[in-house]
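Values below: every heavy atom of this structure, side chains too, minus hydrogens, waters and symmetry copies.
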Amino acid sequence: MTSYYMKRYFNNRTFYKIQSQSIIDNPDQRINDDLSAFTGTALAFSLTFFNAAVDLVSFSNILYGIYPPLFVVLVVYSLGGTAISVFLGKNLVNLNFMQEKKEADFRYGLVRVRENAESIAFYGGEENELQLLLDRFRRAFDNLSELLIASRNLEFFTNGYRYLIQILPAAVVAPMYFSGKIEFGVINQSVSAFNHILSDFSLIVFQFQSISAFSAVIDRLGEFDDLLDGNASSLSSQSDSVDGINIIFKSSRSSVSFNGSLTQSDPCMVLEIRNLTLITPRSGNVLITDLTLELKDKDHLLVMGPSGSGKTSLLRALAGLWTSGNGDIIYHVRGSMQLQNSNVSSDEPYDMKLEGEEVLQNSKQRRDNGIFFVPQRPYMVLGTLRQQLLYPTWSEDVHHSPNNDAESTDPLPFLSEVSTSDGVGAKPEMPSTAELIRVLEAVKLGYILPRFNGLDCMHDWASVLSLGEQQRLAFARLLLAKPTLVLLDESTSALDETNEAHLYSQIEAAGITYISIGHRKTLLKFHNKALYITKCESTHSDLRNWELKTTTQISVEDSSPFSS
C-alpha cells in the first residue's frame, strides 16, 4: 500500500498541488501512520471476525437446542447493547480524526523548528516558537481530554454490559431447573454457549473504541485517496474553465503542425512563446498578458520586474507547474527527441503537444529533452555528495545500482519498481568520479571534498552547506546534465559578483542557453535579451504589461532599464 500510495502521490505532481494549494493536512502522516494503522487494524479485525463467525456457527445449535427463548434474549440483548454503544460513542470517530490531525500538526511544528533552527536563532524567536508549539500541543491535549471523557462514558456502559452477561443466561434458564425440566449441568452449558455467542454478536460493543479509531483512519485515508483519484478530474475541470497553456516539444527535424502540414523547425530555435496569458490558479489574477517571444541558440534572456509581477510564475508555466491561462510554449528539441511513446520512432517527424494533465505527467519528458531548472534555494536530496551531483538526471541509476546482488534477493521487489513515468528516454552516460571532481572544481567547490571525506559521505547537506555553496552545487548539476535550455530563478542571489560571473561564464562556455530571473543590473552583461514585466493593475487586463529589448539598448547606469 505504501508503494501504491507513494506512486500516486508523486504522479501528476500531486505532491506539489497539495503543498502549494494547502488542499489537505499532513499527507506524510497519512502515508506513514495511517497506512500502518489501516493495514494492522484491518488484519486484526479480519481475524477477529473470522474467529467470531466460526464460534457463532459452533455454539448456536447448542444454545438453540437447550432453550430457544434464551437465543432470542441473546439477540435482543446484543442489538440493544450495540444501539446504546453507537449512541454513546457517536463522537468518537470525529474526535479520533481530529486527534490524528492535531498531533500531526504539533509534530510538523517541531520538524519546522529543526529545519529552520538557524533562522530562528538569528531572530531570537525561541520564546515565540515555544508559545506556538505549546498552543498546538494544547489543542491536541484539549481534544484528547474530550476523547477520554467520551471513552470513559462508553467504557462505563461496556463494563456493565459485560458483567450482566454473567447472570442473564442463568436467570432465564433457572425456572426450567427449579421445575425439574433440566439438570444443573445444563445451566453451566447454556451459560458457556450464551457467553460465546453473545461475545460474537457484541463485537461492535466490545470493539467500539477500536472501530471508531479505525473509522477515523479510514476517513483520513479516504480523503487522501479521493484527492489522488480526483487530481485528473480537477485538472480537467480547470482546463474547461480556461483555455489552458499548451506545452509542445518540437523536433528540429521536419514535424507535423496542428493543421497536418509538414513544417521545418528552425535548427537554431530553442524556445517559442506564443500569446501567453498567465493567471494565478486559484484567484484568477492576471499576471502576464499576451506574451510572445522567440529564443534562439545563445539568446540568453533576463527576466526583470518588481516583486509580485509574475517573474517566477512565468518559470512555473515554462516548467509545466502552472497551466492556468492560455497560449503556447514550444520547446525545440535537438537531434532525436526522447519520446515517451515507445511505439514512435525517433526517425519519424513528430510534434508532441501536452495539455492539462499531460503537462504534469511529462515533467520527466521536459528534463529528458534538455530543459533544466535551477531554483533560488536548491533542493538538497537525502544521500551522499555523489547523489547530490547526479540529481535528478541520474538519480534512478544511483538508487538501482547496488554493489551487491540485493536486487535478485529483494523480498519486496515492488518497492524498487515504483515509477511515475510511463517511459524513460535515453540520457547521457553517468559521469565518472573524475568528472564529478572536475565539475566541483569548475564551480569552485573542490575544497569541500577533503572537508567531507570524498563523494560518498552522508550529511544533512541543507544544513552543512551555506546557501552560496548550495547554489554552486546546483550549477555543478547543471554542467553535468548539459541541457539545451536552463531556467534560473535568482540562482546566484547568495553569491558575490565574482563567483556569479564565473558561473555564468561556465554555462556560456558549455553552450547552454539560459533564461534568468534577477534584480541585479550586473546580470545584464551575461544576457543579450531582457524582458521587463510590470504588475497588472486589474484582475482581468487586456493591456500588455511586458517589454522585450536587447541588452545593448539598455544602459547599466539607468535608474530603470526600461521606460515606464
Aromatic plane relationship, Phe15 with Phe10 - under 30° parallel, 30 to 60° tilted, over 60° perpendicular:
tilted
With sequence neighbours left out, the residues meeting ring pair (Phe, Tyr, Trp, His ring centres under 6.0 Å) with Phe106 are Phe137
| message | Could you check whether any side-chain heavy atom of Ser491 comes within less than 4.5 Å of a side-chain heavy atom of Ile517, counting everything from C-beta outward? | response | no
#### Entry: Check: Trp322 side chain, Leu314 main-chain N or O, donor-acceptor pair, under 3.5 Å
no
CG (Leu271) and OG1 (Thr513) are apart, to the nearest 0.5 Å, by 10.0 Å
- prompt: Within a strict 4.5 Å, meaning less than it, do heavy atoms of the Leu221 and Leu35 side chains meet?
  reply: yes
In short, Pro431 meets Leu390 closest at the heavy-atom pair CD-CD2, 3.7 Å
CG (Leu301) and OG1 (Thr550) are apart, to the nearest 0.5 Å, by 11.5 Å
Whether Phe249 and Tyr331 hold their rings parallel, tilted or perpendicular, with breakpoints at 30° and 60°
parallel
Quiz prompt | Short side-chain to backbone donor-acceptor contact, Arg136 and Asp105, under 3.5 Å | solution = yes
Contacts satisfying salt bridge (Lys or Arg N to Asp or Glu O under 4.0 Å) that involve residues 299-308 (not counting sequence neighbours) are Asp299-Lys529
Exercise. Is there a donor-acceptor pair closer than 3.5 Å between any side-chain N or O of Lys311 and the backbone N or O of Gly305?
Worked result: yes
Donor-acceptor pair between Thr534 and Asn545 side chains, under 3.5 angstrom: no
Give the C-alpha distance, both sets of side-chain angles, the deciding distance and a yes or no for side chain to side chain contact (heavy atoms under 4.5 Å, CB included) between His332 and Thr484.
CA-CA 9 Å; His332 292 259; Thr484 304; over 6 Å; no
Donor-acceptor pair, distance only, cut-off 3.5 Å: does the side chain of Lys17 make one with the backbone of Leu321? no
message = Please determine whether salt bridge (charged side-chain N to carboxylate O under 4.0 Å, His left out) holds for the pair Glu223 and Arg30, giving the CA-CA distance in whole Å, both sets of side-chain angles, and the decisive distance to 0.1 Å.
response = CA-CA 10 Å; Glu223 187 180 40; Arg30 297 173 194 246; 2.9 Å; yes
Side chain proximity check, Leu315 to Leu318, heavy atoms < 4.5 angstrom:
yes
Residues Leu480 and Trp394: closest non-hydrogen pair is O-CH2, 3.2 Å
Pair Arg386, Leu436 - check side chain to side chain contact (heavy atoms under 4.5 Å, CB included), show working.
CA-CA 8 Å; Arg386 184 188 304 274; Leu436 297 179; 3.7 Å; yes
Treating Thr289 as the side-chain partner and Thr277 as the backbone partner, does any N or O pair qualify as donor plus acceptor under 3.5 Å?
no
In this structure, CZ of Phe372 is separated from CG of Leu487 (nearest 0.5 Å) by 10.5 Å
Got a salt bridge between Lys102 and Asp25, using NZ or NE/NH1/NH2 to carboxylate O under 4.0 Å? no
- request: Determine whether Arg477 and Gln388 make a side-chain contact, defined as any pair of heavy atoms from C-beta on separated by less than 4.5 Å.
  value: yes
Heavy-atom closest pair (Gly511 atom, Asp297 atom, distance to 0.1 Å) is O-OD1, 4.4 Å
Smallest heavy-atom separation, Ile247 atom then Gly320 atom, equals CD1-CA, 3.7 Å
Residues passing the side chain to side chain contact (heavy atoms under 4.5 Å, CB included) test with His502, sequence neighbours excluded, are Lys444, Ser505, Gln506
Tell me if a side-chain donor or acceptor on Glu469 pairs with a main-chain N or O of Leu445 at a distance below 3.5 Å.
no
- Between Ile24 and Ile18, is a side chain to side chain contact (heavy atoms under 4.5 Å, CB included) present by the stated rule, with each step listed? CA-CA 7 Å; Ile24 61 169; Ile18 290 173; 4.0 Å; yes
Interatomic distance, CG@Leu389 vs CG@Leu440, rounded to 0.5 Å, equals 5.0 Å
In Leu531, Val303, Leu488, Leu302, the residue satisfying side-chain contact (heavy atoms from CB on, under 4.5 Å) with Ile515 is Val303
His459 meets the ring pair (Phe, Tyr, Trp, His ring centres under 6.0 Å) criterion, sequence neighbours left out, with Phe452, Trp461
field: Thr492 versus Tyr504, side-chain donor and acceptor atoms under 3.5 Å
entry: no
Residue pairs passing the side chain to side chain donor-acceptor pair (under 3.5 Å) test with at least one member in residues 106-115, sequence neighbours excluded, are Asp33-Arg107
Rounding to 0.5 Å, atoms CG (Leu524) and OG1 (Thr551) come to a distance of 6.5 Å
OG of Ser324 to CG of Leu278, rounded to nearest 0.5 Å, is 8.0 Å
Keeping Gln471 on the side-chain end and Pro378 on the backbone end, is there a donor-acceptor pair under 3.5 Å? no
Note: Asn528 and Lys298 closest approach over all heavy atoms is ND2-O, 2.9 Å
query: For Glu126, does its backbone N or O pair with a side-chain atom of Glu129 as donor and acceptor, under 3.5 Å?
result: no
Review point. Are any of the side-chain heavy atoms of Phe526 and Ser516 separated by less than 4.5 Å?
Key: no
Nearest heavy-atom approach of Glu100 to Gln29 is OE1-NE2, 2.7 Å
> Do Leu503 and Arg472 come within less than 4.5 Å of each other through their side chains, counting heavy atoms only?
Replying inline: yes
Residues 488-509 vs salt bridge (Lys or Arg N to Asp or Glu O under 4.0 Å), sequence neighbours excluded, gives Glu500-Arg520
Taking the side chain as every heavy atom from C-beta outward, state whether Val443 and Leu473 have any atom pair closer than 4.5 Å.
-> no
- Query: Does the side chain of Asn326 come under 3.5 Å of the side chain of Asn275 through a donor N or O and an acceptor N or O?
  - Reply: no
Taking only Lys NZ, Arg NE, NH1 and NH2, and the carboxylate oxygens of Asp or Glu, determine whether Glu294 and Lys296 approach each other closer than 4.0 Å. no
Over 12 foreign heavy atoms within 6.0 Å of CZ, Arg377
no
Centroid separation under 6.0 Å, is that true for the rings of Tyr391 and Tyr379? yes
